[in-house]
Structure formats: structure tokens, C-alpha cells
Amino acid sequence: MTRYSVATEPVPLTIDRFHGGMPLKRLFIALFFILPLFVNGCSIYDASNQVEADQLVSQYHDALKANNLDAVLALYGPEFFKDHSSTGWRHTLAALHERYGSLKQARKSFMQKDPRYRGDYYIYGYTLVFENGTISEVITVFKGIENDKLTIAGHVFKARAAG
């Protein structure tokens, strides 16, 4: 498309230049690489402690199988005990063995990483198979940016309906 100026000279209109500055092609290429960062939560950082978080959850299940509640409680962090008393949580864990028997198997149903500015969250879903029943659990493992230790920061048990 050609427009004519007052002096009737042809002035080509193309998308090669944008206000006489950066070529539009470069602008589109730059936006192509920058915009996904904003769509993905503005984070180019990925949670990098996956192996250690897996090991922590494995230690938890091994200690629960052995009914070693002291070892289990040592894996929880101070964030968890802000909302739960340690003696109350000990009773909750002991009640699992009283009601369902010993833990036979822990089957992973999902795993999710969630890097945040405060730290990294690793969320695990498990089906716990006991001698006398099955329950679901969700464990949240957290590593803050201010400390080097992975701990259990959240834990929910949900009884499954019989049938």
C-alpha cells in the first residue's frame, strides 16, 4: 500500500518500522519470549529439591510403617505446629494404627511442584493401605528461602468410604 505525501512522493507503509524505532519483527520476537514468563506466574525459577522432598516423604512413610512416632514428628516443621499441637498430632498418628492396623503400602497418586517467592512447595497425594482399611493423605513439603531444611508443612488425612 502506498500513500502520497503533499509533494506526491510515494511513501511505503510497511510493518518493518514502528515509530521509526525498533523493527516490529524484533518487537514480536522479544514479546514471544517474554510473555510466557508472565503467563507462567512471572517465575523463571523451578523448584529444585525434588529428590530431597521425595526422600523426606519416603522417610515419613518408613517411620509410619515402623510406628516410630518420634521419627515421624521430627520431619514436621514449625509452620505445621503453628496450627497443630505436637501432642494432638501424635494422638492423631497413633489413632491411625489403633483403628486401621499397621501400614502395609503407600501408593503415590499425584505429585506437584509449586515454586513461590517464599520458598518451594512439593505436594504429594498418597493412598495408604493398612491392614484394616485404606485412607488418602495429602502431604505438603516446604523449603523456605531462609533455611536449608525441607520439612512437612501441611498434612491432611481423609478416610475412604468402605465399599
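- E131 CD: more than 12 foreign heavy atoms inside a 6.0 Å radius.
- Taking OG from S102 and CG from L64, the interatomic distance works out to 10.0 Å, rounded to the nearest 0.5 Å.
- Taking NZ of K149 as the start and CG of N49 as the end, the distance is 14.0 Å to the nearest 0.5 Å.
- A donor-acceptor contact shorter than 3.5 Å is absent between the side chain of H97 and the backbone of L93.
- The two residues L128 and A106 have their closest heavy-atom pair at CD2-CB, 3.7 Å.
- Distance check, rounded to the nearest 0.5 Å: CD of Q50 to CG of L150 gives 10.0 Å.
- Summarising the geometry, atom CG belonging to L103 is positioned 7.0 Å from atom NE2 belonging to H61; distances are rounded to the nearest 0.5 Å.
- Inspection of the D54 and Y122 side chains reveals no N or O donor paired with an N or O acceptor under 3.5 Å.
- Put simply, OH on Y76 and CG on L56 are 9.5 Å apart, with the number rounded to the nearest 0.5 Å.
- Rounded to the nearest 0.5 angstrom, R116 CZ and I145 CD1 are separated by 13.5 Å.
- Of the residues W89, F80, F81, Y124, the one that meets the ring pair (Phe, Tyr, Trp, His ring centres under 6.0 Å) test with H155 is W89.
- Under the 3.5 Å distance criterion, the side-chain polar atoms of S109 are left unmatched by any main-chain donor or acceptor of T127.
- No side-chain donor-acceptor contact under 3.5 Å links E137 to the backbone of Y126.
- Linking ILVMFWY residues whenever their side-chain heavy atoms come closer than 4.5 Å, directly or via other members, places F157 and L73 in the same cluster.
- Looking only at side-chain heavy atoms (C-beta outward), N67 and L69 come within less than 4.5 Å of each other.
- What you find for V141 and A53 is that their closest heavy atoms are CG1-CB, 4.2 Å.
- Applying the ring pair (Phe, Tyr, Trp, His ring centres under 6.0 Å) rule to Y100 yields the partners F130; only residues at least two apart in sequence or on another chain are considered.
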